[in-house]
Amino acid sequence: MVELLKGIAASDGVAVAKAYLLVQPDLSFKQNNVEDTAAEEKRLDDALAASSAELEKIRDKAAKSLGEEEAQVFDAHLMVLSDPEMIGQIKQHIQDNKVNAESSLKEVTDMYIGMFEAMDDNAYMQERAADIRDVTKRVMAHLLGVSLPDPSMIDEEVVVVAHDLTPSDTAQLDKNFVKAFVTDIGGRTSHSAIMARSLEIPAIVGTKEITSKTKEGDVLAVNGITGETIVNPTDEQAAEYKKAGEAYATQKAEWEKLKDAETVTADGKHFELAANIGTPKDLEGVHNNGAEAIGLYRTEFLYMDSSDFPTEDDQFEAYKAVLEGMDGKPVVVRTMDIGGDKELPYLTLPHEMNPFLGYRALRISLSELGDGMFRTQLRALLRASVHGNLRIMFPMVATLKEFRAAKKMFNEEKEKLVKEGVKVSDTIQVGIMIEIPAAAVLADKFAKEVDFFSIGTNDLIQYTMAADRMNERVSYLYQPYNPSILRLIKNVIDAAHAEGKWAGMCGEMAGDQTAVPLLMGMGLDEFSMSATSVLRTRSLMKRLTTTDMAELAEKALKECDTMEEVEELVKEYVK
């Protein structure tokens, strides 16, 4: 049945392909008594063999795409599948209790998981509990005859459908096969949406019901520009969407002509257009889209894509690759922003009612738990600094005391390296992300001590409006053009300029085509965005003058009471 669903347009582009449901299957079962225990043991053996074959394929693919070290986690899973003691106990349970294989598998593996998890002073044993849990899920799926989704194994053109996509899910998507994705929840600034823009995959989020309206094999037509998805479109509708996709491709080709052009306004003012990245692999998109710098390197993906804390050398190689790849152009590296919705399986954080308002980012780095992790990252960055134009920024800074503590640790590690005879650049700029309203209000004080500001609007907006940016029920309060937000941004820019410092923006607002004219008028120096937004923004800036945009910004700040009034004002000035 044809059905039209509306969501939030999160990443531009149009695609038509069959659905791939990235939804966890129901693994519930009933305990049944059995007479033929040998048949149940054979069912178990068949499920174990199928799981092993599956994991071998996944391991080989992971080794090719991520490297041998990353693939080792699957070696541990294969060892669990071939553990004679555990398998022997499952079969013994089938024989002794005359119950089905599902029941015996759960009984025995739950015992092992509980035993290993109880060893809370032994990280290795706790990891084994996680391995057994993952493997049990796979074997159970084969016993029940259902499929476990695995985005890394997609090998045909699909539209991924999910309730939500975690950053690690999104990182596994191969854009050669994944033509788009659609989710039930999320907003334009959710991490899956941001990653989609980096991967240049069309995306729609916050549809509320895509998973309940779609089944495996359905065809989806997705328009990431309008936020509309059609389930099982007619031939005519599919043709319309394909035509829209071709029109968007033509527009992109026009923008691509500006790849090597300078970012200058109609009256000759230069602005720096930078790109946000998550890994060194994203450099290709940076260069293909003509970005002049990297305004945000999200280093947490180094941690999230690893089965353990990345070593100093691992980090050094990643930072060096990015700095060398940018050939002297500025690279702003954000220190680890773990917490909130970004969790590490090997780092146990306390359960919190409000993780976005809790123990995350610099708050972890400055704590006893994060001290070693933070110092390791600082050393790797300092060592890499001689290979390019490095700028370091600390996330989630609320007070001057926090910045001073982080800067002190930076200076301590620099001094140690110099004493060890390691070359370190003397031109590293150290700044902060402005994403907490307290820091935005106190920007004049921070500006005396930092080298730069980079405004993280994704969090600044949600904290100012007291509205979770991931919650579609309050998505109407995610208002980047609200006069209160604009005034905070203007305060930060003015404070930086008063001290001779530069102010940039690395939130999604920097590439928002309604916000760009306002930000130009307020004097923002650097705009950092998803690489795919750079050329479109350059094209827009070339049509505008700074004098007109300064007039626009002043009117928005002084005369507008609501976000809607600001939007109407921008439309008057930008036609």
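Excluded from the calculations below are hydrogen atoms, water molecules and symmetry mates; all remaining heavy atoms, backbone and side chain alike, are included.
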Option from Leu5, Val160, Val161, Val16 for which side chain to side chain contact (heavy atoms under 4.5 Å, CB included) with Leu220 holds: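 Going through Leu5, Val160, Val161, Val16 one by one, the side chain to side chain contact (heavy atoms under 4.5 Å, CB included) with Leu220 is satisfied by Val161 alone.
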Closer than 3.5 angstrom, by distance alone: can the side chain of [X] be matched with the main-chain N or O of [Y] as a donor-acceptor pair?
{"X": "Asp184", "Y": "Ile210", "value": "yes"}
{"X": "Lys179", "Y": "Glu157", "value": "no"}
{"X": "Arg538", "Y": "Gly290", "value": "yes"}
{"X": "Thr263", "Y": "His270", "value": "no"}

All salt bridge (Lys or Arg N to Asp or Glu O under 4.0 Å) counterparts of Glu254, not counting sequence neighbours: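 Glu254 satisfies salt bridge (Lys or Arg N to Asp or Glu O under 4.0 Å) with Lys257 only.
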Other residues, nucleotides, ligands: >12 heavy atoms within 6.0 Å of Lys6 NZ: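 Above 12, so yes.
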Side chain to side chain, Ile432 and Glu402, heavy atoms closer than 4.5 Å: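 Of all side-chain heavy-atom pairs linking Glu402 with Ile432, none is under 4.5 Å.
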Asp561 side chain reached by Pro483 side chain, heavy atoms, under 4.5 Å: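 They are not in contact (no side-chain heavy atoms under 4.5 Å apart), so the answer is no.
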Positive for side chain to side chain donor-acceptor pair (under 3.5 Å) with Asn276, one of Ser528, Ser533, Ser530: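 Exactly one pass, corresponding to Ser528.
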Aromatic plane relationship, Phe403 with Phe446 - under 30° parallel, 30 to 60° tilted, over 60° perpendicular: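 Phe446 and Phe403: perpendicular rings.
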Ring-face cation contact, Phe271 with Lys269, 6.0 Å cut, 45° max: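 Positive - Lys269 is close enough to the ring of Phe271 and near enough to its axis.
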Summary of ring-ring contact (aromatic ring centres under 6.0 Å, His included) pairs that have at least one residue in residues 529-575, sequence neighbours excluded: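 Those involving residues 529-575 do not exist here.
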Presence of salt bridge, Lys252 and Glu200, under 4.0 angstrom: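 Answer for the salt bridge query: yes.
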Ion pair Asp451/Lys501, N-O distance below 4.0 Å: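 Salt bridge absent between Asp451 and Lys501.
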